[in-house]
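In each ligand, atom 1 is the first atom listed, and ligand 1 is the first ligand listed. It should be emphasised that the depicted structure is a prediction, and the values quoted were computed from it without experimental measurement. When a residue number appears, it is its place in the shown sequence, counting from 1.
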Amino acid sequence: MRGKPQRYDLAVVGAGIVGLATALAALRRGLKVVVIDRDARANGASVRNFGFVTVTGQERGTMWQRARRSREVWREVARAAHIPILHTGLWMCVRRPEALAVFEESPATEMAEGCRLLSAADAQRRCPSLGGAATLAVLESSLELRVESREAIPRLAAWLESRGVEFLREHTVTDIQVPLVATSRGALRAERVAVCPGDDFNGLYAERLARFGLTRCKLQMLRLADPGFRLPAALMSDLGLGRYPGYADLAAAGPLKARLAHEQPLHLEHGVHLIVVQSADGSLVVGDSHHYAATPDPFAQRQVDELIMEEFRAALGVEPPPVLERWIGTYASAPDRAVLIDAPAPRVRIAIVTSGSGASTGFALGEELVTGLFDEAVAA
Ligand SMILES: Cc1cc2nc3c(=O)[nH]c(=O)nc-3n(C[C@H](O)[C@H](O)[C@H](O)COP(=O)(O)OP(=O)(O)OC[C@H]3O[C@@H](n4cnc5c(N)ncnc54)[C@H](O)[C@@H]3O)c2cc1C
């Protein structure tokens, strides 16, 4: 960037899913948008995740609504940007009566939308390859989607670029004094700025963000070889019902959590709960674990991988195929909120998903940010 700074209606800092979603919402309003990212290509949580867009199990109220809306936008965008939806739906493979009791309480809540109970025999008929000896029943949800994030995020960015959004890669935003946005490679001008930094909360507005008590959560992930059959949907287990707030916060979850604490204390200690999704080549993405620290160590622990595999074996009733890849990812976490939206200065918003659900809620959040920034009644 040389000479006179470029002018934009909106500058978005961060090209993860939250930044791209914000750019999309602004583009849909006909605004001139630039997305600025310090990395040469997507490298954050948005390409390390399962690409699992979950609705059921999200915290009741606003988060569930955000997930419901984001799922609609994913559908629209996937079609337009040629992002394959690799499978839909979710099977929670229930193996304890206490887990079934949680589901039985859920019809009184949003969790019931698109959900039904399959008997173990019905599940076995639908997917004979799953050796469900321990399965009591399957809670089936129809609302979930799965994309391959490491391909979907670059495609989404390329599609936004083809529609007129500008991208500045390898530019670190160092200061924001609207309308001036300073980067490591020169300044630009923007009427509004959305800061979507993921877990990079020690950079822009670090002093202000310090008051929210943010920390990081580290997750271990695995890719396993093609098991030789297609999954009927994404799979989860009892540990998920004990962890996902839409279920875990129900009164009926108390006995399940107590039983899990007794029977699987190590899984709980390492925050292990099972998600299994399948890729186009048949391989499985499997995880995960949750370790919280200001700066988590960057090393994957073998014991944690083994706990994930143990849960895979127990829930699917099949031996896990060989491991093809291992990686870790981190996301921002807050003690008291699932999403942080802050207005550090007039015409600036910060948005950080602090609950590990940005793939599921990002598009709705992007719309909220743009509304907040451009709706005169709301903008500061
Ligand atoms: C292993 C793992 C599995 C997960 N699974 C799921 C899942 O299945 N479903 C789900 O809904 N959620 C999942 N999540 C959570 C989800 O991935 C995150 O909530 C989401 O990706 C956060 O998106 P983001 O855009 O805020 O952050 P990021 O993807 O981290 O992007 C932030 C970007 O901001 C840039 N940036 C920061 N500061 C600056 C600056 N000053 N200048 C320029 N650029 C800057 C960074 O370079 C980065 O590219 C998972 C997370 C992990 C780690």
Numbered in order shown, the ligand 1 atoms found under 4.0 Å of a heavy atom of Asn49 are 2 (C), 3 (C), 4 (C), 5 (N), 6 (C), 13 (C), 14 (N), 16 (C), 17 (O), 50 (C), 51 (C)

Under 4.0 Å from one or more heavy atoms of Gly14, ligand 1 contributes atoms 33 (C), 34 (O), 35 (C)

Counting from 1 in the order shown, the ligand 1 atoms closer than 4.0 Å to a non-hydrogen atom of Ser360 are 9 (N), 10 (C), 11 (O)

Contact region, Met221 to ligand 1, non-hydrogen atoms below 4.0 Å, reads side chain

Here the atoms of ligand 1 under 4.0 Å from any heavy atom belonging to Phe52 are 7 (C), 8 (O), 9 (N), 10 (C), 11 (O)

* Give a yes-or-no answer on whether the side chains of Arg185 and Thr172 include a donor-acceptor pair shorter than 3.5 Å. => no

Q.
Salt bridge check, Arg259 against Asp238: does any charged N sit closer than 4.0 Å to a carboxylate O?
A. no

among protein heavy atoms, the one nearest atom 48 (C) of ligand 1 is Asp37 OD2, 3.4 Å

Numbered in order shown, the ligand 1 atoms found under 4.0 Å of a heavy atom of Val13 are 39 (C), 40 (C), 42 (N), 43 (C)

* Between Val53 and ligand 1, does any nitrogen or oxygen pair lie at a separation below 3.5 Å? -> no

Contact region, Val18 to ligand 1, non-hydrogen atoms below 4.0 Å, reads both

Ligand 1 to Ile17 polar contact by distance, N or O atoms, under 3.5 Å: yes

The atoms of ligand 1 lying under 4.0 Å from a heavy atom of Pro197, numbered in the order shown, are 32 (C), 34 (O), 37 (C), 38 (N)

Q) When only distance counts, is Ala359 in polar contact with ligand 1, meaning an N/O pair under 3.5 Å? A) yes

### Query
Does the N or O separation between Ser357 and ligand 1 drop below 3.5 Å for any pair?
yes

_Between Arg66 and Glu110, does any NZ, NE, NH1 or NH2 come within less than 4.0 Å of an OD or OE carboxylate oxygen?_
no

With only distance considered, is Gly44 within less than 3.5 Å of ligand 1 through an N or O on each side? no

Within the 4.0 Å heavy-atom cut-off, what Ala332 brings close to ligand 1 is neither

Note to self: I'd like to know if Asp122 and Arg125 make a salt bridge, using a cut-off of under 4.0 Å between side-chain N and carboxylate O.
What the structure shows: yes

When distances are taken from atom 43 (C) of ligand 1, the protein heavy atom at minimum range is Arg38 N, 3.2 Å

Q. Any N or O of Leu219 that comes nearer than 3.5 Å to an N or O of ligand 1?
A. no

Verify same cluster id: Tyr331, Phe50 (apolar side-chain graph, 4.5 Å)
no

Under-4.0 Å salt bridge between Glu98 and Lys257:
no

Ligand 1 atoms nearer than 4.0 angstrom to some heavy atom of Tyr331 are 51 (C)

the protein heavy atom lying closest to atom 23 (O) of ligand 1 turns out to be Ser46 OG, 3.2 Å

### Query
Strictly under 6.0 Å, is that where the ring centroids of His273 and His267 end up?
no

Ligand 1 atoms nearer than 4.0 angstrom to some heavy atom of Asp39 are 47 (O)

Going by the 4.0 angstrom heavy-atom rule, the piece of Leu204 near ligand 1 is side chain

